[in-house]
Amino acid sequence: MERYNFKTIEEKWQKFWDLNKTFKTQRNINKKKFYCLEMFPYPSGKIHMGHVRNYTIGDVLSRFKTLKGFNVLHPMGWDSFGMPAENAAKQNNQDPRTWTENNIKTMKNQLKQLGLSIDWDREISTCSEDYYKHQQKFFIEMFNKGLVYKKENYVNWDPVDETVLANEQVIDGKGWRSGAVVERKKLSQWFFNISKFADELQNELDNLDGWPNKVKTMQQNWIGKSFGCEIEFEVIGDSKIDKIKCFTTRPDTLFGFSFLALSIDHPVSKLYENDQNFLEFKEKCSKTGTTEESIANAEKIGFKTKLKAKNPFDEKQTVPVYFANFVLMDYGFGAVFGCPAHDQRDFDFAKKYNLNIKTVVKPINEKDSFKVTDEAYSGQGTIINSKFLSGLKAPGESVIETIKILEEKKIGRKKINFRLKDWGVSRQRYWGCPIPIVYDEKGSYKAIPEKYLPVKLPENINLNIKGNPLSSVDKWCKIEIDGKSYFKETDTLDTFVDSSWYFLRFCSPKNEIEPFNLDDVKYWMPVDQYIGGVEHAILHLLYSRFFMRAIGYQNDNFNLKEPFKGLFTQGMVCHETYKDKDNKWRNPDEVETADGKNYFLKSDDSHKILVGPSESMSKSKKNTIDPEKMINHYGADSVRLFILSDSPPEKDVQWSDQGMLASYKFVQKLYLLNEKMLKLIEKEKKEDSLKLSKFINQYLNKIEKNLANFNYNVIIANIHEAYSFFYKLSNDEINFTNLKNDYSKFLITIMPVMPHLASECLERLNMDSKSWPNLNKKYLIEENVTIVVQFNGKKRGTIEAIKNVSEQNLIKDIQNSKLFDKFLKENKIKKYFYVKDRLINILI
RNA sequence: GCCCUCGUGGUGAAAUUGGUAGACACAAAGGACUUAAAAUCCUUGCCCUUUUGGGAGUGCCAGUUCGAGUCUGGCCGAGGGCACCA
């Protein structure tokens, strides 16, 4: 029998799909839509296994939904602005656009080889002018609505590369490229006012039923809503300062007040701008590392001012005012009221500077004489030593009561604070969307009028210079608007902006005039299922949610708030890591093993290789498997099958050569089965189909449930079971009246996973492959059941019975059966518990 | 430090949501076919027993229940997120 030649057959079907535009989608009001979207890739060169997994999962869903009769939108595009293009360009002296477009060509080809059901007519690329010109309009719209502003902000500044670094580009306080110690520098930057929507972004998370809880809690923590109040403290000691505002969540501990701590950037620092000691202190603060842990673990230090703050509940009490390194300027008001007994940071600070520690909350089971000694107590309890607040339950009741009193006395009021900060979108880079703003010679800025848009990126520029590349192109920077000359903004937009609305663009990708057509968006949006890595749980997903609200702000035509109805975060693809004698990483291709334990270098079989733990595939650790090689060697269907087989899609999966090979063999076996089935179906002699109908319907029931719940590893198991069933038939040459029909139902169910093979088999059977088979529930009902028999909770056997057997009859059958003699002979049935048609537990 | 998730054979994992633990696969061992190998197929899978059987068993310790991988409390371990957020 002929082997399955995946090369010619996969090519055949891919060509067929291309020529027939099988996956082309159009708006159709009469059909129910389904928008399936995977996070679009950055065109870095070649696709990796992570892409294979991501897009296979999405493709299984798309194809399943199409078969189920939905009008499915399944597009693909390129997140094609970004640093790697610029870096590659510098290294190879190549234009970022050429580099990017070449990569896109390669990767598109690779994706096509995977047999994905994508409507390629909707392909978009964020670095094309067609795309970013619309983004510039969004920017101006937001600018006009006051959702964009410019402010001075601290950034990570790399003094060697003369550029701003993102937090993740700072490694141990050094720039990831230059290795230079990163400085904190104040720069004027563009911001999106995302914090304006903080409250609704947080609250409306609750409506996202289709999102994993994990992602929702991550966003919740990120937004960080906290309830408390602001308090104005009266300050004495300098005539220029009479009040300092603080935010606190624990106003109820005000009687434990022992100092006031200010950020070094607090306006009060103006008083000390010429004080040498203060400047030294400030210098010391900026030196305590830039990594997050080092900041968190740094010793708490302070600088005592001449100021004193009054306790609003006790005018006689005054406390010292310090500058302290642990107070952040951009949260609250950059000032903290210190209550050492009930806040660990304040406690550490008070110990260091010998400040008063007064206990004002006691745990519920403690006496009133309870005193904080070794560490702060921040748990629940009762207020003590606090005059009119004493006896209240803390923190709940006591906080609300205290705020009420502060509001009456007009020294404070209720306030909700958020951790979320505005989104800085300025990047000092070339390869991004230009910001459509101009400056006059005085430095005041305005949006570029529509008729001068879009602002196009200049081509052929020299990137091998320090600093912002665009500002070095004098000709480009100058622009004349209505006869007046201006300078263009030379920063470009963060690439997260590009990906904050691309899913809208897919709805009308060819629209020249508008970013999208409203009717298209109304039909297709929201994305029904969004699929991608959990690493985007916060930023990308939050920014996209913000962007929808920003478009809809002061715009009654657009009321889409949540872009992604369903979200699925897939796990990573992992592989063992290999190191050679010189402690260098080695690719799996370079090593071999005879026994699965000892590994050696292929090129030198005496060179032992150290095997490390399995980790997510990465270029830096060289533990990658090239998808293209696998596709060429085993075929797309086999690779798709393997990537789904071993683990649930939300968990990490281990790459395994044996597993890959097994999947390949299974594809071969399915094809051979099909050939045998073809012959079997031709046979004259036929048997009654009841057994077959039962099997196929039970199978359909299982696989459909598992498909709907993303249990894709289990559907592979279901397919294996069905294979075994049909294999046995073909081996025993048992033909059924309905065999052709029911068998082709099985073939349709494997279509989402192995589309080429399924299409080919169905074609050879001369059967239609357009719709998912209907389930006939009648065959799910079994008239005979196997009931588990337990004595005292232990399984002792099973018994056959007809469905819906009465308890009395079942007991009678058990008593009559010799199997259970030894349990029933000398014992009486005391009691029993019966789970209908499934199990009986008899107590003796 | 705070928050979240997860602990099931040699391995990846299933388990109708409280009812037969280990489906399906990988690896291993044994067998069939073969001159042989590859491929393919079958069997086994922890402990006691030659078998029939029986026992233990889902990280550990308790609890609820006729019955717990599943529910509750405590502990141990792994992974992830946030991190001086007042």
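In what follows, chains are A, B, ... by sequence order, proteins preceding strands, each numbered from 1. The analysis underlying the following values was restricted to heavy atoms, covering all of them including side chains, and did not include hydrogens, waters or symmetry mates.
- The P atoms of B:A23 and B:C42 are separated by 15 Å, rounded to the nearest whole Å.
- If you take OH of A:Tyr331 and P of B:A83, they are 13 Å apart, rounded to a whole angstrom.
- Residues from residues 703-719 of chain A with heavy atoms under 4.0 angstrom of RNA chain B, sorted by number: A:Asn713, A:Ala717.
- A centroid separation of 6.0 Å or more is found between the aromatic rings of A:Phe642 and A:Tyr664.
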Annotated protein contacts, base or backbone, on nucleotides 62-75 of chain B with a non-hydrogen cut-off under 4.0 Å, one of B, S, - each: ----B---------
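- For A:Phe823, taking side-chain heavy atoms from C-beta onward, the closest of the listed nucleotides B:C84, B:A86, B:G54 is B:G54.
- Between the side chain of A:His342 and the backbone N or O of A:Ser378, no donor-acceptor pair lies under 3.5 Å.
- Using a 4.0 Å heavy-atom criterion, one finds that A:Lys702 contacts no nucleic acid atom at all.
- Annotated as syn: B:U17, whose glycosidic dihedral is within 90° of 0.
- The backbone N or O of A:Ala537 sits less than 3.5 Å from a side-chain atom of A:Gln219, completing a donor-acceptor pair.
- Within the 3.5 Å criterion, the main-chain N or O of A:Gly302 finds a donor-acceptor partner in the side chain of A:Tyr353.
- Proximity of the aromatic rings of A:His720 and A:Phe666 is defined here by a centroid distance below 6.0 angstrom, and this criterion is met.
- Atom name P, nucleotides B:A78 and B:A83: the rounded distance is 23 Å, in whole Å.
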Candidate pair A:Lys702 and A:Glu721, rule salt bridge (charged side-chain N to carboxylate O under 4.0 Å, His left out), full reasoning: CA-CA 11 Å; A:Lys702 272 194 278 191; A:Glu721 280 168 338; 3.4 Å; yes
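- Judged by distance alone, the side chains of A:Asp646 and A:Asn713 never bring a donor and an acceptor atom under 3.5 Å apart.
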Using nucleotides 26-33 of chain B, report all nitrogen or oxygen pairs with the protein that are shorter than 3.5 Å.
none

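- B:A27 and B:U11 have their C1' atoms separated by 7 Å, given to the nearest Å.
- The backbone N or O of A:Ile194 lies less than 3.5 Å from a partner atom in the side chain of A:Asp422, making a donor-acceptor pair.
- Side chain of A:Ile538, nearest nucleotide from B:A86, B:A13, B:G81: B:G81.
- Here B:G30 sits opposite B:C42 as a Watson-Crick or G-U wobble pair (both hydrogen-bonding atom distances under 3.5 Å).
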Report each atom pair, protein N/O against N/O of nucleotides 41-46 of chain B, whose distance is under 3.5 angstrom.
{"unit_1": "B:C41", "atom_1": "OP1", "unit_2": "A:Lys669", "atom_2": "NZ", "d": "3.2"}

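- Residue A:Ser647 is in sugar-phosphate contact alone, with no base atom involved, counting any heavy-atom pair closer than 4.0 Å across all strands shown.
- Across every strand in view, B:U52 sits unpaired, with no contact that passes the Watson-Crick or G-U test at under 3.5 angstrom.
- Within the nucleic acid shown, A:Val534 has no heavy atom closer than 4.0 Å to any nucleic acid atom.
- Separating the P atom of B:U64 from that of B:G55 is a span of 24 Å, rounded to the nearest Å.
- Whole-Å rounding puts the A:Leu262 CG to B:C84 C1' distance at 15 Å.
- By the 4.0 Å N-to-carboxylate-O rule, A:Asp199 lies close enough to A:Lys225 to be salt-bridged with it.
- Here B:C6 presents its P atom at 10 Å from NZ of A:Lys651, a figure rounded to the nearest Å.
- Remark: A:Glu782 does not engage A:Lys803 in a salt bridge, criterion side-chain N to carboxylate O under 4.0 Å.
- The pair A:Asp732-A:Lys728 meets the salt-bridge criterion, since a charged nitrogen lies less than 4.0 angstrom from a carboxylate oxygen.
- For A:Asp652 and A:Trp222, each mapped to the nucleotide of RNA chain B holding its nearest heavy atom, the one lying further toward the 5' end belongs to A:Asp652.
- Here B:C24 presents its C1' atom at 7 Å from NE2 of A:His720, a figure rounded to the nearest Å.
- Separating the NZ atom of A:Lys421 from the P atom of B:C82 is a distance of 13 Å, rounded to the nearest angstrom.
- At a threshold of 4.0 angstrom between heavy atoms, the contacts of A:Lys728 with the nucleic acid are absent.
- Pairing for B:G7 is with B:C76, a Watson-Crick or G-U wobble pair whose two hydrogen-bonding atom distances lie under 3.5 Å.
- Not less than 6.0 angstrom separates the ring centroid of A:Phe323 from the ring centroid of A:Phe281.
- B:G79 shows a glycosidic angle more than 90° from 0 and is accordingly assigned anti.
- The backbone N or O of A:Pro752 sits less than 3.5 Å from a side-chain atom of A:Arg640, completing a donor-acceptor pair.
- Rounded to a whole Å, the CZ atom of A:Phe257 is 18 Å from the P atom of B:A86.
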Show the distances under 3.5 angstrom between N or O atoms of the protein and N or O atoms of nucleotides 55-57 of chain B.
{"unit_1": "B:G55", "atom_1": "OP1", "unit_2": "A:Arg796", "atom_2": "NH2", "d": "3.3"}
{"unit_1": "B:G55", "atom_1": "OP2", "unit_2": "A:Arg796", "atom_2": "NH1", "d": "3.2"}

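- When each of A:Glu721 and A:Lys795 is assigned the nucleotide of RNA chain B bearing its nearest heavy atom, the one mapping closer to the 5' terminus is A:Lys795.
- Residues A:Met49 and A:Val52 form a side-chain contact, since some pair of their non-hydrogen atoms from C-beta on lies under 4.5 Å apart.
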Please output the side-chain donor-acceptor pairs of residues 833-844 of chain A that fall under 3.5 Å, not counting sequence neighbours, one pair per line with the distance.
{"unit_1": "A:Tyr834", "atom_1": "OH", "unit_2": "A:Asp837", "atom_2": "N", "d": "3.1"}
{"unit_1": "A:Lys836", "atom_1": "NZ", "unit_2": "A:Asn804", "atom_2": "OD1", "d": "2.8"}
{"unit_1": "A:Asp837", "atom_1": "OD1", "unit_2": "A:Asn804", "atom_2": "N", "d": "3.0"}
{"unit_1": "A:Asn841", "atom_1": "OD1", "unit_2": "A:Gly793", "atom_2": "N", "d": "2.9"}

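- With respect to A:Glu299 and A:Lys352, a salt bridge is recorded, a charged nitrogen being found less than 4.0 Å from a carboxylate O.
- Between A:Tyr4 and A:Phe6, the distance from one ring center to the other does not fall under 6.0 angstrom.
- To the nearest angstrom, P of B:U40 lies 13 Å from CZ of A:Phe666.
- Between the A:Ser386 side chain and the A:Ile383 main chain, no donor and acceptor come within less than 3.5 Å of each other.
- Centroid-to-centroid, the aromatic rings of A:Phe349 and A:Tyr322 come within less than 6.0 Å.
- Remark: the separation of the C1' atoms in B:C60 and B:G77 is 10 Å, to the nearest Å.
- Using atom C1' as the reference point in both B:U44 and B:C82, the two lie 50 Å apart (nearest Å).
- When rounded to the nearest whole Å, the span between CG of A:Leu670 and P of B:C24 equals 16 Å.
- Look at the C1' atom in both B:G12 and B:C66: the space between them is 35 Å, to the nearest Å.
- The aromatic rings of A:Phe496 and A:Tyr543 sit perpendicular to each other, their planes meeting at more than 60°, with 30° as the lower class boundary.
- On the P atoms, B:U5 is 23 Å away from B:U58, given to the nearest whole Å.
- At the heavy-atom level, A:Ser226 lies under 4.0 Å from the strands shown only through sugar-phosphate atoms.
- Under the Watson-Crick and G-U wobble criteria, each requiring two contacts below 3.5 Å, nucleotide B:G1 is paired to B:C82.
- With a cut-off of 3.5 Å on both Watson-Crick or G-U wobble distances, the partner of B:U17 is given as none.
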